[in-house]
Amino acid sequence: MAENIDLFASPASGTPQDAAAEVQALRAQLVQWAHEYYVQDAPTVPDGEYDRVYQRLEALEKAHPELHSPESPTQRVIGAILEGLTPVRHAVPMLSIRTETDNEASGAQAFDARIRKELGLDPGDPPVEYVAEPKFDGLAMNLRYEAGRLVQATTRGDGEVGEDVTHNIRTIRQIPLQLRADAAVPPVLEVRGEVYMRRDDFDALNRKQEAAGGKTFVNPRNAAAGAVRQLDSNITAQRPLSFFAYGLGEVTPVAQGGMQWDSHYAMLMQLRAWGFPVAPQVCVAKGADELVAFHQRMGAERANLGYEIDGVVYKVNSRALQLELGFVSREPRWAVAHKYPAQEMVTRLEGIEVQVGRTGKLTPVARLAPVFVGGVTVTNATLSNVFDIRKKGVRVGDDVIVRRAGDVIPEVAGRVPGVRPQYVPNFSMPRQCPVCGSDVVREKGEANHRCTGGLFCVAQRKEAILHYAHRRAMDIEGLGDKLVDQLVDSGVIRSLPDLYKLGIATLSGLERMAEKSAQNVLAALESSKKTTLARFVFGLGIRHVGESTAKDLAKHFGVLDAIMDASVEELLQVNDVGPVVANSLHTFFAQPHNREVVEQLRAAGVHWDEAVPAEKPAQILAGMTVVLTGTLPTMGRDEAKDLLEAAGAKVSGSVSKKTHYLVAGADAGSKLSKAQELGVTVLDEAAMLRLLQHGAP
DNA sequence: TATCCTCGAGTTCA
DNA sequence: CTCGAGGATA
């Protein structure tokens with residue numbers, strides 16, 4: 001099975017017997033995965049892994065022509081006919097386009113170079129004209145119109161024979177059932193395109209499935225595939241599908257009253273005129289440079305598209321040149337698909353380490369064999385807690401699926417099914433803290449293990465200092481983890497007040513700390529002394545007291561001593577403070593050493609305005625709740641947050657019915673779709689600035 | 001008591 | 001960004 005196949009060995013290596021055995025193993029594996037994917041709609045490995053094994057097999061077959069077999073998965077388009085749906089032979093076979101996963105520009109350059117060579121063009125000749133299209137992640141579909149009426153819709157199947165899914169396709173609103181009578185439509189017209197599911201539709205569907213206790217879908221493509229191949233079109237109608245047209249199948253020849261087009265682009269425009277959705281991004285591109293530009297543009301827009309694309313497609317525009325270029329076996333020589341790096345890959349789980357956080361929480365971290373996922377090399381991924389590891393069933397040495405979805409943070413999604421060559425014990429949390437050796441406990445009903453060492457634990461002490469220096473706390477620029485490591489390890493800093501005893505001599509003695517940066521840090525420390533009560537309270541790092549709670553406390557009590565001396569009952573009076581937070585605060589300030597730290601910090605010159613703030617004039621956004629998401633063009637999120645809060649708005653982290661506005665920048669994710677679903681007004685940065693000025697966008 | 005809504009905390013890589 | 005859990009609310 002998969003774990004025994006060495007995918008990295010050179011194709012030319014090994015004896016012929018080895019190669020034969022491997023080829024056989026790879027074929028069996030691919031056939032099984034294809035079955036799971038197409039027939040059971042339940043893939044066990046990510047597409048990227050399938051592609052990798054497929055390419056390995058291709059390479060082997062190329063190196064050993066004697067192993068060639070018409071039965072090999074590389075020799076046919078994999079597909080399977082589901083029982084219950086009628087098989088239909090395509091009038092014109094549905095071919096696949098050659099797919100490349102090279103990096104960046106090289107793919108477009110290589111394609112252009114190949115085309116020019118085939119056409120016998122000199123470097124001095126004008127650039128070749130191409131059409132560039134996004135490559136949708138859905139299912140290819142053939143729509144047959146006779147006399148302008150939709151008579152049959154078929155899936156691709158194996159390229160020769162597909163399945164009749166007309167009853168389901170009729171539920172898709174974007175697909176015309178009848179072409180306009182006044183338009184000149186060939187007597188027979190087959191339109192080809194991709195059926196897909198929009199991301200917001202997918203999210204809504206999964207929420208619905210979850211609420212109904214049904215199974216949820218892994219991704220929009222699987223959901224679309226399942227929907228299209230239903231026997232009961234009532235079910236399909238509940239699953240919102242969409243369509244983009246990109247090509248033709250059989251068309252009545254001109255001689256018999258049909259049509260043809262000089263260029264691919266003209267044909268697409270005709271399809272659009274007939275009422276078929278054609279992707280808005282489709283464009284004509286001259287030469288390799290414009291193809292590269294298109295690829296980059298799509299890569300940047302990709303996250304905001306509202307539907308999944310897994311790459312781009314380049315096609316020679318001129319019909320005449322297409323005919324001249326012709327086909328290699330089953331693939332047109334005049335088109336190529338250029339895929340983006342996979343968002344999911346398989347790699348080996350080499351180990352599980354344990355990290356200690358600021359609150360003492362022990363976090364298991366997966367150490368992975370480096371793997372290229374979604375454009376970056378990933379070597380670490382969080383496994384959150386022991387239960388998470390159990391749930392996913394991963395153990396050291398397993399082949400695991402690493403995912404980098406819409407967000408940035410990689411996660412271990414699960415393991416590739418298979419037998420472990422040898423027994424591996426399940427992961428268990430250490431009994432003692434790996435950093436300080438204190439006992440590790442897990443409170444009843446809690447998922448997390450914690451180190452009991454407190455500030456005695458070096459890991460926690462370092463995190464406490466970093467938290468104090470945090471941008472939204474005391475904002476000490478330049479005091480990062482590397483510097484804190486050195487300061488704490490060398491014993492220069494034992495507690496927060498020591499920070500203000502730092503001198504230029506101590507600092508510049510450290511690694512990677514020249515005089516200039518040392519001075520910067522000292523200056524940042526100096527200016528951090530003037531702060532606000534809320535920032536200071538937040539910076540102390542009291543459990544359950546985050547930024548907003550610190551603000552509430554500052555507003556309620558006005559002065560620090562009132563907070564320090566407050567009883568649990570008094571604390572409970574504060575907005576959003578319940579028994580857990582109140583106890584946490586009370587316990588913190590009951591500890592003499594904590595009070596001492598506070599006094600020493602004050603003695604070191606840390607100060608703030610303690611006067612109860614005068615009632616501010618009515619603020620323009622008072623009572624408004626605003627949520628930020630994505631990357632704003634000219635300002636950081638923190639900056640936007642401060643602006644909004646200064647105007648009296650409440651900036652919240654998640655969208656709900658109570659949200660008045662969502663300010664969305666580039667790469668906005670789930671919050672944007674949620675806002676659209678709830679009908680929350682979505683603003684861009686410019687509209688937000690108008691809101692700040694006039695109280696309305 | 002159950003359910004929303006928020007907040008806190010942890011997290012990766014270039 | 002996502003999770004878990006605290007707090008408010010019905």
Side-chain angles (χ1 to χ4, degrees), chain A residues 203 211 303 341 343 353-368 370-388 391-392 402-413 442-451 459-460 462-464 466-467 470 472-473 481 534 537-553 571-585 625-631 637 641 650-660 664-665 667-674 678 680:
Chain A
D203 291 339
Q343 300 286 103
E353 277 176 27
V354 176
Q355 278 178 359
V356 185
R358 170 168 68 89
T359 61
K361 193 206 154 196
L362 302 190
T363 309
V365 178
R367 294 278 175 250
L368 305 163
V371 63
F372 195 70
V373 190
V376 297
T377 306
V378 171
T379 52
N380 297 318
T382 175
L383 285 164
S384 19
N385 57 55
V386 262
F387 300 98
D388 191 42
K391 197 173 75 192
K392 288 170 177 161
V402 179
R403 181 193 293 162
R404 233 178 81 105
D407 57 337
V408 196
I409 297 168
E411 58 165 352
V412 173
R442 181 171 68 85
E443 253 138 73
K444 232 176 151 194
E446 270 221 346
N448 298 327
H449 288 76
R450 300 203 122 82
C451 157
Q460 292 184 59
K462 286 176 180 170
E463 294 297 331
L466 282 170
H467 177 79
H470 190 273
R472 300 206 72 91
D481 54 354
V537 171
F538 175 48
L540 291 175
I542 304 162
R543 266 252 267 170
H544 300 124
V545 179
E547 196 188 358
S548 353
T549 309
K551 276 182 191 158
D552 284 339
L553 287 165
L571 289 164
L572 283 168
Q573 301 306 307
V574 182
N575 213 357
D576 285 344
V577 171
V580 175
V581 179
N583 268 312
S584 176
L585 277 158
T625 305
V626 183
V627 177
L628 295 164
T629 188
T631 316
R637 284 257 281 273
K641 184 176 178 185
K650 191 169 165 210
V651 178
S652 163
S654 55
V655 178
S656 74
K657 281 180 293 192
K658 294 179 184 169
T659 309
H660 293 94
D667 295 333
S670 59
K671 284 187 213 170
L672 180 56
S673 38
K674 180 138 189 223
L678 292 171
V680 172

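Predicted model only: the values in this text are computed from it and were never measured. Just so it is clear: chains get the letters A, B, ... in the order the sequence lines come, proteins before strands, and each one is counted from 1.
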- Closest to the A:Thr363 side chain: B:dG10, B:dC7, B:dT12? B:dG10
- Start at the 5' end of DNA chain C and walk down; is the nucleotide closest to A:His544 or to A:Leu628 reached first? A:Leu628
- Query: Which whole-number value in Å describes the distance from A:Arg450 CZ to C:dG4 P?
  - Reply: 14 Å
- Message: Check the phosphate of B:dT11 against A:Asn380, side-chain N and O only, distance under 4.0 Å to OP1 or OP2. Yes or no?
- Response: no
- All pairs passing side-chain hydrogen bond (donor to acceptor under 3.5 Å, both in side chains) where residues 571-585 of chain A contributes a residue, at least two apart: none
- Task: Return the value, rounded to whole Å, for the distance between atom NZ of A:Lys551 and atom P of B:dC7.
- Result: 10 Å
- Message: Can you list everything that forms a salt bridge (charged side-chain N to carboxylate O under 4.0 Å, His left out) with A:Glu463? Sequence neighbours excluded, please.
- Response: none
- Short question: side chain of A:His544, backbone of A:Val577 - any donor-acceptor pair under 3.5 Å? no
- Message: Quick one: does any side-chain atom of A:Lys392 pair with a main-chain N or O of A:Val412 as donor and acceptor, under 3.5 Å?
- Response: yes
- B:dT12 P sits how many Å from A:Asp481 CG, rounded? 12 Å
- Below 4.0 angstrom from OP1 or OP2 of B:dT12, is there any side-chain N or O of A:Thr379? no
- Item | Any donor-acceptor N/O pair, A:Arg450 side chain to A:Thr359 backbone, under 3.5 Å | yes
- For A:Thr377 and for A:Gln355, locate the closest nucleotide of DNA chain B by heavy-atom distance; then report the residue assigned to the nucleotide nearer the 5' terminus. A:Gln355
- Message: Reading DNA chain C from 5' onward, which residue's closest nucleotide shows up sooner: A:Asn575 or A:Asn385?
- Response: A:Asn385
- Does A:Arg358 have a side-chain nitrogen or oxygen under 4.0 Å from the phosphate oxygens OP1 or OP2 of B:dA9? yes
- Note on the structure: Winner on side-chain proximity to A:Val581, out of B:dT12, B:dA9, C:dG7, is C:dG7
- Item | Nearest-Å distance for atom pair CD/P, residues A:Gln460 and B:dG10 | 10 Å
- Rounded to whole angstrom units, what separation is found between the CZ atom of A:Arg543 and the P atom of C:dG4? 16 Å
- Item | Closest to side chain of A:Val580, choosing from B:dC13, B:dT11, C:dG7 | C:dG7
- Note on the structure: Separation of C:dA5 atom C1' from A:Asn448 atom CG, nearest Å, is 10 Å
- Task: Starting at atom CG of A:Asn583, determine the distance to atom P of B:dG8, rounded to an integer number of angstrom.
- Result: 17 Å
- Tell me, please, which residues at least two apart from A:Arg367 pass salt bridge (charged side-chain N to carboxylate O under 4.0 Å, His left out). A:Glu353
- Query: Who are the ring-ring contact (aromatic ring centres under 6.0 Å, His included) partners of A:His470, not counting sequence neighbours?
  - Reply: none
- Identify, with sequence neighbours excluded, every residue that meets side-chain contact (heavy atoms from CB on, under 4.5 Å) alongside A:Thr659. A:Val627, A:Val655, A:Ser656, A:Val680
- Query: Over how many whole Å does the gap from A:Lys361 atom NZ to C:dC3 atom P extend?
  - Reply: 13 Å
Might you list the N or O atoms of the protein lying below 3.5 Å from N or O atoms in nucleotides 1-6 of chain B, with each pair's distance?
unit_1: B:dT6; atom_1: OP2; unit_2: A:Ser656; atom_2: OG; d: 3.0

- Message: Does B:dG10 have its OP1 or OP2 closer than 4.0 Å to a side-chain nitrogen or oxygen of A:Thr359?
- Response: yes
